[in-house]
Amino acid sequence: MKRRTGLFALLVALAALAVVAAAYAKPAKQAAPVAAVRSAAVPCSKAKIAIMAPLTGDAGFLGVEQLSWAKYAITVQNKLLGTKIGLYQGDTQLDPALASTLAQRYVSDPKTMAIIGPSTSGAVVATGPTLSAAKLAAISPSATRVSLTIGGDTVGNHFYRVVPHDGIQGPSDAAYMVNKLKAKKVYIVDDQETYSTGLADTATVALKAKGVTVIRDSVSQTVTDFSSIVTKVPGDTDVVFLPWQQPPRAQIFAQQMAEQGKKAKIFGSDGTNDPGKFKFKGALVSNFAPDITGIAQDKALIAGWLKANPGDKVGSFGPPTYGATQIAMLAIKAACDAGGGKVTRAAVLAQVPKVRVKQWILGDSWGGFSATHDPVGAKFYIFEIQADGSYKLVG
Amino acid sequence: MSTEPGIGRDEWVARSEERRQRGGFFGPGADLFMRLPWWLRWGTFVLVIALIPVLSSSGYVQRVAFDTLLYMLLALGLNVVVGWGGLLDLGYVAFYGFGAYLYAWLDSAQFDIHLPTLLAIPTVVAATAILGLLVGLPSRRLSGDYLAIVTLFFLQAFLTIMINGNSIFGVNLTNGANGIAGVDPISFFGHRLPVAHLGVFNIWYLYVALAFFVVVLVALRFVNDSRTGRAWRALREDPLAAELMSMPVNRLKLMAFMFGAATAGLTGALFVSLNAGVFPESFALPLLITIYAMVILGGAGSQAGVVLGAILVNVMLEVLRSPQHSRWVFYAAVLAALLGIVRPWKWLAVVLAGTVAFGFAVREVAHAIHPAWTAGATQGTDSVGRLIGHWVAVPTTLGSGKVIAYVALIAAILALTQLKGVKRMLWMIPTLYLGAFVWENVLAQKPEVTRFVLLGALLVGVMTTRPQGILGSARVEIV
Amino acid sequence: MSNLVQFLVNGLTLGSVYALVALGYSMVYGILKLLNFAHGDVYMIGAYIGFGVLTAMGGAQNPAISIWLVLVVMFVVAMVGCAGLGVAIERFAYRPLRNAPRIAPLISALGVSFFLEYSAQLLFGASHRQYDAFSFGGGALFFKGINWGPLHVPLLRIIIIVSAFALMIALMLLVNRTRIGKAMRATSYDREAASMMGIDVDRVITITFIIGSALAGAAGVMFALRADASPLMGFNAGLKGFTAAVIGGIGSIPGAMLGGLLLGLFEALTQGYLSGRWSDLFVFAILIVMMIVRPTGLLGKADIKKV
């Protein structure tokens, strides 16, 4: 017994010693390879872009759509620009901790020059310190939490986004509801996910400021039978606002509203924008871009994507991913040209705000990011769903 | 006479293979290794892990090693409850989450408390142990599956509270779905360990985790070697007999819960300190399933087994993320399986040669019928990919043929398990080719989905052939 | 007050689907003492088979034959397909583990569950597949039905409730009035004694899986008619079905039906009268208390172990 206790004590002491030594040791030896990775100049033909999106799990449909557009962008732009940039695909599984490991993977791979994503705001927060310190540009096509670029916990100057944040969408949707729909009572249902609660909060504030009665409710993401929520909606409600990221669920909700004879108008946020899935006649959808399929300059692009992805339809998460990938590739090309055939991460990061695109996939042209790394002049377009499922611009 | 455990059969017989001298190529070496004292064996293992930063300067590899250490800690904790105590605890991840959130509360801007780590971690461990005690209290009356059900409900309730905890009676406890960010990193005596240097993982976190792993491993091992461990074993094998022999069954169950919970709480604290934040999505059911897979795959009841299980599952999931690596892993695994199953060398040669020849033949025939049937390209442009591309027929598009080929492959493999002898060898040839075909055309397209498919197949395969896990010892359960 | 009746109807619809899934869990547990976590994924495959049949017949908008016939065919094919899947799973993933410690088939079931979920994502894609039941016969399923004032019970719900009850009654008749039902009941009491009395236990187990999986397939189609089909839908449905089986007493067939209906009513009422946010928590809290007070569930037999 004495021997064992002694042994145990020895092991614990060794462990403690190791830990204490760690605290005081200066990690000088590590600095050299780290610095080497960060400022490594990589020949342009080996440059890679990594996309971090939830490819499996409950949000799999979102990530898979974004991935398909990113792949398409790589093919198209490589041909146009004459580059040979490759794509890494990373599955965050909707878990910010896993996203953090994934970010580490790309930071440690010297060929990675830019990140598309992370798609979810939680992952942006989790990966922020790592990517920011490594000076790896991250352009997200779907992380819309306001605090990422404005307010208390900004994540670092490596992060850019090509879609407007919730702080713009909430008030703009609220304004439409009050001005055009003359709503006096609005019922908001969030799905307990950060995008949803954030948007619901900003919309509530904007609506209450205009004197509208707001009733808040919440469903968990696993619920698909909303009958009881629908029953609860008062008969005199004007609008039901659904700040969700799942178009099929919005469709189900709308159908269940109709089957119970509720007359309130359904208003979906940009996360529900998907003509293939959410096609309930009379519902309204807001989106940060006009309907892509209606933009003349995108016709060839969309035709190409449809050909490469037979059986799929154009959703709302894909095109911004194309745009983000395009910006990243243009930044890399510019850095390559300036660096004489070799490119570094810092150079790419410096080029990102300078990128200009004449024919931006979401309409008009891309004139650069704002001071807070958000898109400039963002506005939201409101669509009304017609009888044949098409989206008509109404505001 | 069959040596599989079964009702009416002897456990001594079932464990006969553990007493045999190990055969095979690695046999004598493994025997020698097992005869060393336990601390030397584990010491070697810990040394190997400690040398990882020396062997690889990639921050990613070190970070994956850290993640694996966390999983190993979780597996050790679950091993106490499930492997030693025989209690099916399906709410284990709730303790992990509780430890994580508690550390976040004690060391972040949420309530503006900033305890030094040396105070915070013992607090977290103690508090989680108390939570384990509280959850274990109802377990005294419940047995087996009912305990599993109650603990599962407890986990679901915990998750609901964490996700909606941003306005419990007006207090923002958990910041809701956003999670708590900005948690302080580990600090010893005032000196902070930054989480990363210039974005690259700080290896000292690996050493901190390793130190905690050693402490937990040794502590649990000593508990298991004591009379508590013996009592746990008795409780697991036959609770009624244990009670009749005057063992304090209730107290033992509570102790098992507490040890498991304490380990999970410690792991949660480590997890949060590195990620500098806690997010509720990390603690959902998929994590529970992963940890259970690790523990049972490796062998519940054996510490080396669960550690091996944790390494196997986590490293497999990480390696299979990249298409090139996953191809290597896939073909290597198939070859290894063949080596294991097909015993006389000449039969192995026949099967391999037959598969290669069959493959080329099918490809030529397919090309002759319709050139588009072989005009596609395999994933990845490395040399192995191109080589395989000459052997496997890769059509340009494979619409609904995907489903047919996939289902056909599953049927072929299942049929393989039913055949014996020469027929089995011959059936292997088209099955192997079909497997390569499905891999190149269906599985390799989406590596992130494929890795879970392979994990599921691995679980089923290992469980049906070796229910005790890789390093577990065969048990006969008293029904 | 009028809302109450609507809530009850909502709960009944929800509960019927849960009951069908719970039946599969209960039956398998009763005979094999195994928590079949792959059951939810059989349900998911049923929904996808239904989608396949619907698309093969032209889709909701241009069905090749009368819409009612399409519905029947969807149900039948899904039930048959799922029955086959269930048999295959039992044969290859559970039968080798009949005599192994109880946790081994549990992990095997988890493996099968993973395998099915991610294979579905691999083969059918991650996006949700919509039946588009709204367009069936020009919206007949959603707008025709009982409409008394504030109470709305659309045709689709009536179909679901009626067919679920029909299946449950058929099952009760099978179990209580036929020889094979007697064999099933005997095997669930004591497997060894039943085999000694000349009952082919393997066959009984296979039939149990056939019935349980067929019911899950039907439930999948019913669910997808009101919602949609996605690879991970089985996960949640499995959890709910399992909860329902536990409430009613796992191992007991009437218990599973009762538990399913109760769970559906519970959820509908808590979502209706409390916030949707806390309804989950409330349900789980009640369940935990119930399990501690009466672990065998409402209709379960007290677990008397012979020493």
Side-chain angles (χ1 to χ4, degrees), chain A residues 4 7-8 11-12 14-16 18-20 22-25 27 30-31 33-35 37-38 55-57 60 64 88-91 93-98 100-101 104-109 121-122 125-126 129-136 145 153 192-194 196-198 218 220 310-311, chain B residues 39 50 53 57-64 67 160 163-164 166 176-179 181-182 186-189 191 193 195-204 207-208 210-212 214-215 218-219 222 225 271 274-277 279 281-282 284 286-287 318 321-322 397 399 446-449 452:
Chain A
R4 259 225 237 126
L7 196 54
F8 185 28
L11 282 165
V12 171
L14 278 174
V19 164
V20 169
Y24 285 100
Q30 209 192 13
V34 165
V37 167
R38 191 175 112 188
L55 299 172
T56 55
V64 166
Y88 288 143
Q89 56 192 55
D91 179 15
Q93 291 167 243
L94 216 56
D95 183 355
L98 287 174
S100 184
T101 308
Q104 186 62 232
R105 180 197 179 108
Y106 297 129
V107 163
S108 308
D109 181 348
S121 307
V125 171
T130 313
L131 295 177
S132 167
K135 294 240 191 304
L136 198 51
R145 197 190 300 177
D153 28 55
Q192 298 176 1
E193 206 252 320
T194 87
S196 194
T197 50
S218 162
S220 88
Chain B
W39 43 271
S57 61
S58 157
Y60 173 61
V61 171
Q62 293 153 12
R63 173 70 199 250
V64 169
D67 285 344
T160 315
I163 290 185
N164 290 309
N166 53 348
N178 287 352
I186 291 185
S187 61
F188 286 111
F189 306 118
H191 183 100
L193 275 182
V195 166
H197 293 292
L198 301 175
V200 179
F201 176 74
N202 180 1
I203 57 171
W204 295 108
Y207 290 128
V208 168
L210 193 59
F212 280 120
V214 169
V215 170
V218 171
F222 280 177
D225 282 348
F271 172 72
L274 179 75
N275 280 310
F279 310 94
E281 298 103 346
S282 312
L287 178 65
E318 282 298 328
R321 272 185 201 267
S322 93
T397 51
K446 302 187 195 173
E448 59 282 338
V449 181
F452 290 111

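Here is how names work: the chains are called A, B, and so on, in the same order as the sequence lines, proteins then strands, and each is numbered from 1.
Using a 4.5 Å cut-off between heavy atoms, A:Ser100 contacts chain B through both its backbone and its side chain. Contact annotation for B:Asn178: both backbone and side-chain heavy atoms come within less than 4.5 Å of a heavy atom of chain A.
Taken from OG1 in A:Thr101 to CZ in B:Phe201, the straight-line distance is 9.0 Å, to the nearest 0.5 Å. Rounded to the nearest 0.5 Å, atoms OG (B:Ser58) and CD (A:Gln104) are 7.5 Å apart. In this structure, CD1 on B:Ile163 lies 8.0 Å from OG on A:Ser220, to the nearest 0.5 angstrom. Taking NZ of B:Lys446 as the start and OG1 of A:Thr56 as the end, the distance is 11.5 Å to the nearest 0.5 Å.
Qualifying ring pair (Phe, Tyr, Trp, His ring centres under 6.0 Å) partners for B:Tyr60, counting only residues two or more places apart in sequence or in other chains: none. Annotation: side chain to side chain donor-acceptor pair (under 3.5 Å) contacts of A:Thr194 (sequence neighbours excluded): none.
Minimum interatomic distance between A:Ala97 and B:Arg63 (heavy atoms only, all atoms of both residues): O-NH2, 3.7 Å.
The backbone N or O of A:Gly90 sits nowhere less than 3.5 Å from a side-chain atom of B:Arg321 that would complete a donor-acceptor pair.
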